[in-house]
Enquirer: 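Attaching a single structure in structure tokens format; questions to follow.
Because the structure is a prediction, the values reported are computed rather than measured. Because only heavy atoms are used, hydrogens play no part in the values below, and waters and symmetry mates are left out as well, while side chains stay in. Atoms within a ligand are numbered from 1 in the order they appear, just like the ligands themselves.
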Amino acid sequence: MKYILVSGGVISGIGKGIFASSLGVLLKTIGLKVTAIKIDPYMNIDAGTMSPIEHGEVFVLNDGGEVDLDLGNYERFLDVTLTRDNNITTGKIYQQVIQKERKGEYLGKTVQVVPHITDAIQEWIERVAMVSVDHSGEKPDVCIIELGGTVGDIESAPFVEAMRQFQFRVGHANFALAHVSLVPVIGPVGEQKTKPTQTTIRELRALGLSPDLIACRCYKALEPEVRAKISMFCHVGKEQVISVRDVLSTYHVPLLLKEQGVLSFFQKRLGLDTIHISADQLIKSESILKKWTKLTEDHDRLKKSVTIVLVGKYTNLQDSYLSVIKALEHSGLKCERKLTLMWVEASELEHEFEKVNPDKYREAWNVLSSANGILVPGGFGNRGTEGKVAAAKWAREKKVPYLGICLGLQVAVIEFARNVCGLSDANSEEFEPHSKHKIVINMPEVSLTHLGGTMRLGMRSTIFKDDTEKWSITRKLYEVTGFMAVGKQSIEERHRHRYEVNPTYISKLEEKGMHFVGRDEKGERMEIMELKDHPFFVGTQYHPEYLSRPLNPSPPFLGFVMASAGLSLDTIFHE
Ligand code: GLN
């Protein structure tokens, strides 16, 4: 097993995750099987209880793990399926060590950060790196370990120390380090400054780690003399300093790295050519680079655009809805449409808000009414829900394509119950526990006292109803995209919710034209909702965005973008 550690310096949020996943793509182009581990040095056990405002979206895995959004980047870029153990946090490591201590497994020893925490980290990495991440069932060849935060932080110190020990544990030939740094541009002539990089590398070395590669983030390419200076002051060869400039899309990054010899560098440094690659694996890998190149070209060539309005709660932070945006982007590419994403803060669509700030209220409605398609993503808590209900009403009545995800499905059902079925006080138990018509109710099996990891989480089946074959657009989309195998009637998608549509109201809703075309195995839990006499009005209780891939967009998203762009299935799947 070969390990590549990706650490970061100067500031966080400069694209370490994209660099690491792009590196993974390059390794896959030569037939290697690649896995990834993300280390988050915070104390939380997982990202499940963290606010999307502070930390970006919570990404959900097949096994129900609620993890850092970088795992989403890895799954999308590397086309792999990861587990909750691929995300290590300080909380998880401490929990494990403390449990062991309580069981008396340390045999009377004093339990300490070094060696017990650092050992636990190394053992965890070695164990998880071996787990197969694709259908082959074979263990990966290379594991990329991304260390979150910046080197030198107090909270990442045990992980840095663990990695220092790890390089000797697995041997120099099996361990390499890439450090991502920032090169700011300062002054009227736009000088690229190397001092922050020098400082972070000095800090790294002081902690016992030497970089094999320094990846410099800068909005423009590094000047040759800047590269030479970094090489000189950071004690590495010039070929070990690479420049990661801003590019049009993240899809360009693997190619940008390849151009600068990053792949051949690691091939030599880690002796990757000696790894046996099966004929099957080699065939599969051959097309990866071609596909990736085509993806970037297609992306850059897009001219026509489609305007999607996202009605959400954290609309000032793109990261809060990262997978949703990616899934829209993937679908845009397939429909040959550039994605114009507009944001509406849900609460600004509410009548109450009109009294507070009529101008902003009008502006929010102007944006909503300019949409080719309206998307209401997942969410929690009361704030903004009435605005989302209003957005669903607008989409239904004005026949604007609508995609509701999780909460987005729930608000669409509430709106329909109120305005079509005449249940004027219909609501969700989450927002109005005493409403007469609880259209959305708490699921019996979830915990009411604990928030962490207690929802209906992860991969579950949805079965399409028998009579939907002829007319359900969602079913058709799952079929044509290959997400549902030929002859099958069920799909698997990832969930994260605590509430569900109340089964006692289903016949009433269906009578009026809201169809629940997909349900769980028992037929009691509503998974997919569709309106028939509408260009596209679909809601899913699950989160289809998590399984979307650049070259294989999620079916509900594809259908939504397609309808928003005024395209039909035949025009897209003409081949
Ligand atoms: N708050 C809703 C629930 O718990 C929706 C959750 C979501 O959108 N992920 O069911």
Enquirer: Do the non-hydrogen side-chain atoms of Y499 and Q410 ever get within less than 4.5 Å of each other?
Expert: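 Yes - at least one pair of side-chain heavy atoms lies under 4.5 Å apart.
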
Enquirer: With a 3.5 Å cut-off and no angle check, do the side chains of S323 and R76 form a donor-acceptor pair?
Expert: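 On atom types as modelled, these side chains qualify, holding a pair under 3.5 Å.
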
Enquirer: What orientation do Y478 and F483 show, parallel under 30°, tilted 30 to 60°, or perpendicular over 60°?
Expert: perpendicular

Enquirer: Give the numbers and elements of all ligand 1 atoms closer than 4.0 Å to a heavy atom of C406.
Expert: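 Near C406, meaning under 4.0 Å from one of its heavy atoms, ligand 1 has 5 (C), 6 (C), 7 (C), 8 (O), 9 (N).
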
Enquirer: I'd like to check which ligand 1 atoms, numbered from 1 as shown, lie under 4.0 Å from a non-hydrogen atom of G379.
Expert: 1 (N), 2 (C), 5 (C), 6 (C), 7 (C), 8 (O)

Enquirer: Can you tell which of E430, E429, R496 gets a heavy atom nearest to atom 1 (N) of ligand 1?
Expert: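 Checking each option, the heavy atom nearest atom 1 (N) of ligand 1 is found in E430.
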
Enquirer: Please state which protein non-hydrogen atom is closest to atom 10 (O) of ligand 1 and give its distance, to 0.1 Å?
Expert: Y499 N, 2.8 Å

Enquirer: Looking only at heavy atoms, is any part of H497 under 4.0 Å from ligand 1, and if so is it the side chain, the backbone, or both, or is it neither?
Expert: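 Both backbone and side chain.
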
Enquirer: Closer than 4.0 angstrom: is that true for some heavy atom of M443 and an atom of ligand 1?
Expert: no

Enquirer: Counting heavy atoms only, which part of E500 comes closer than 4.0 Å to ligand 1: side chain, backbone, both or neither?
Expert: neither

Enquirer: Do any nitrogen or oxygen atoms of Q541 come within less than 3.5 Å of a nitrogen or oxygen of ligand 1?
Expert: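 Looking only at distances, the answer is no, because the N/O contact criterion of under 3.5 Å is not met.
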
Enquirer: Check each of Y402, F416, W394 against F537 using the ring pair (Phe, Tyr, Trp, His ring centres under 6.0 Å) test, and report the only one that passes.
Expert: Y402

Enquirer: Going by atom types only, do T474 and E530 share a side-chain donor-acceptor pair under 3.5 Å?
Expert: yes

Enquirer: Before signing off on this row, confirm whether L407 and ligand 1 have an N or O atom pair separated by under 3.5 Å.
Expert: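 Indeed, backbone or side chain, L407 has an N or O that close.
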
Enquirer: Report the nearest protein non-hydrogen atom to atom 4 (O) of ligand 1: residue, atom name, distance rounded to 0.1 Å.
Expert: R498 N, 2.9 Å

Enquirer: Report yes if the side chains of I308 and L339 come closer than 4.5 Å at any heavy-atom pair, otherwise no.
Expert: yes

Enquirer: For W124, does the six-membered ring have the charged nitrogen or CZ of K92 within the cation-pi criterion, i.e. under 6.0 angstrom from the centroid and within 45° of the normal?
Expert: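 The answer is no; the distance or angle limit is not met.
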
